[in-house]
Structures are given as C-alpha cells and as structure tokens.
Protein chains: 2
Amino acid sequence: MKNKIKVLRAEHNMTQAELAIKVQVSRQTINAIEKGKFDPSLPLAFKISRLFKLPIESIFFDR
Amino acid sequence: MKNKIKVLRAEHNMTQAELAIKVQVSRQTINAIEKGKFDPSLPLAFKISRLFKLPIESIFFDR
DNA sequence: ATTTTATGTAAAGTTTTATTTACACAAATA
DNA sequence: TATTTGTGTAAATAAAACTTTACATAAAAT
C-alpha cells in the first residue's frame, strides 16, 4: 500500500520526527510507512488522516 | 474503535462467513472485529470499505 | 571545517492482528 | 425431534505493526 505522507509532510513543512510526535509513534515507524515497509494500523491511519484533515482514501492507496 | 459492519451485513443480507470469504479473512476475524476485540489492518479496512462501497470513515469510528 | 538536522536502515524485542481448530448454543428448517 | 445454519468464544500459533537502541550519511547551518 502506497501513501502520500512524504508529500503532505513537505506541504506542511514537517519532519518525520515532528509527525511522529504528533501522531504518537516513533520516528522509525513514520519512516517505515513512508518507505512502504509496512502499513499503518487503522487507528494510526485515522490519526494521520485527522492531522492533515484529509480522508484516509486520499492519503493511502490500496491499488 | 467501533464499526458498523454488523449493520452493513444485515443490510446486505450477508453472514459473517460470507463476508469473511469476500474479504479473504477467517470468519473469526470478522466476528472479532464486529465485537470490537481488535481493529482490522488498514488493507482489510480498505477491502471492507470497497465491498460496501462506503468510505472507511463511514464504517469505522475512531471516536 | 565542524556541528547540527533530517533521513535511512538494521537488529532484537513487544504488542496487535489474523489464522486454525474446536466447541457451545440458539434459531431456523427438514 | 433431529439437523443445519449463524454466531460467540477460546486457546495456540503465526504474521504484521511498532518500539527501542544504535549507527551511517548527506545536507544545512554555524
């Protein structure tokens, strides 16, 4: 599953570490998700979605 | 995290077993998610969302 | 030129999600 | 009444998400 987190971070001038703190995970977790190493849990996807004020479907792509 | 899967199943006249087959998980996984024992993975949430043709946010509720 | 900041990555370990097998029970049906 | 169907649940296990610690590197700032 791909995602637009890196772009959204750039648009919001936010580092991986800053985003990690805001959604309460480790920086490595954000990095891994951005790099496609694994998918976020549903609750984490919701947190990211709310932070950027965008629907989950417009941030994460299943296909 | 709560969800409306049981209601959506009812509306679509679908058993837990049928839904399980359609989204390719075990019946017990569907039951556990309906009963709130755990949250689905993001890919599974997407599958359910596509099946019922509804946004993830209208099926799953973080708060 | 040196230090700081941001990112990438790796290994070991914990927690959460999902599977498999199995059984109990109620309601519908034969 | 006996059987089938749908649901709830449990224990053992596997797989995936996430943490922690740690190190490497490139770019930006001092």
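We name chains A, B, ... by the order of the sequence lines, and we start the count at 1 in each one.
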Checklist outcome for this item: Among the nucleotides D:dT7, C:dT7, C:dT9, whichever has the atom closest to the side chain of B:R9 is D:dT7
Next on the checklist: Is B:K35 close enough to D:dG8 that one of its side-chain N or O atoms is under 4.0 Å from OP1 or OP2 there?
Outcome noted: yes
Checklist outcome for this item: Whole-Å distance, A:I48 CD1 to D:dA17 C1', equals 12 Å
Checklist entry - How long is the line joining CD of A:Q16 and C1' of D:dT25, in whole Å? => result 14 Å
Checklist outcome for this item: Of all heavy-atom pairs linking A:Q16 and A:E34, the shortest is NE2-OE1, 3.2 Å
Item to check | Heavy-atom closest contact (B:N3 atom, B:F61 atom, distance) | outcome: CA-CD1, 4.3 Å
Checklist entry - Is there side-chain contact between B:K47 and B:P40, with at least one heavy-atom pair below 4.5 Å? => result no
Next on the checklist: Measuring from the side chain of A:R27 (C-beta onward, heavy atoms only), which nucleotide among D:dA22, D:dC18, D:dA10 has the closest atom?
Outcome noted: D:dA22
Checklist entry - Is there a side-chain polar atom (N or O) of A:S26 under 4.0 Å from OP1 or OP2 of D:dT19? => result yes
Checklist outcome for this item: Rounded to whole Å, the CZ-P distance (B:F38 to C:dT17) equals 7 Å
Item to check | Atom-pair distance (CG on A:D39; C1' on D:dA15), nearest Å | outcome: 13 Å
Checklist entry - Looking only at N and O atoms, is any donor in the side chain of A:Q28 or the base of D:dT21 less than 3.5 Å from an acceptor on the other one? => result yes
Item to check | Given DNA chain D, 5'-ward residue of the pair B:P43 and B:M14, judged by closest heavy atom | outcome: B:M14
Checklist entry - Can you tell me how far P of D:dA24 sits from CG of A:N31, to the nearest Å? => result 17 Å
Next on the checklist: Using a 4.0 Å heavy-atom cut-off, does A:T15 contact any base of the nucleic acid, only the sugar-phosphate backbone, or nothing at all?
Outcome noted: sugar-phosphate
Checklist entry - Separation of B:E18 atom CD from D:dG6 atom P, in whole Å? => result 7 Å
Next on the checklist: Are the side chains of B:I30 and B:V23 in contact, using a 4.5 Å heavy-atom criterion?
Outcome noted: yes
Next on the checklist: I need the CD-C1' distance between B:E34 and D:dT9, as an integer number of Å.
Outcome noted: 14 Å
Next on the checklist: So A:S41, base contact, sugar-phosphate only, or nothing? Heavy-atom distance under 4.0 Å.
Outcome noted: sugar-phosphate
Next on the checklist: Taking only side-chain N and O atoms of A:K6, does any of them lie within less than 4.0 angstrom of OP1 or OP2 on C:dA6?
Outcome noted: no
Item to check | Between D:dG6 (P) and B:L19 (CG): distance, integer Å | outcome: 13 Å
Checklist entry - What pair of heavy atoms forms the shortest contact from B:I56 to B:A45, and how long is it? => result CG1-O, 4.1 Å
Checklist entry - What does B:Q24 touch in the nucleic acid at a heavy-atom separation under 4.0 angstrom: a base, only the sugar-phosphate, or nothing? => result sugar-phosphate
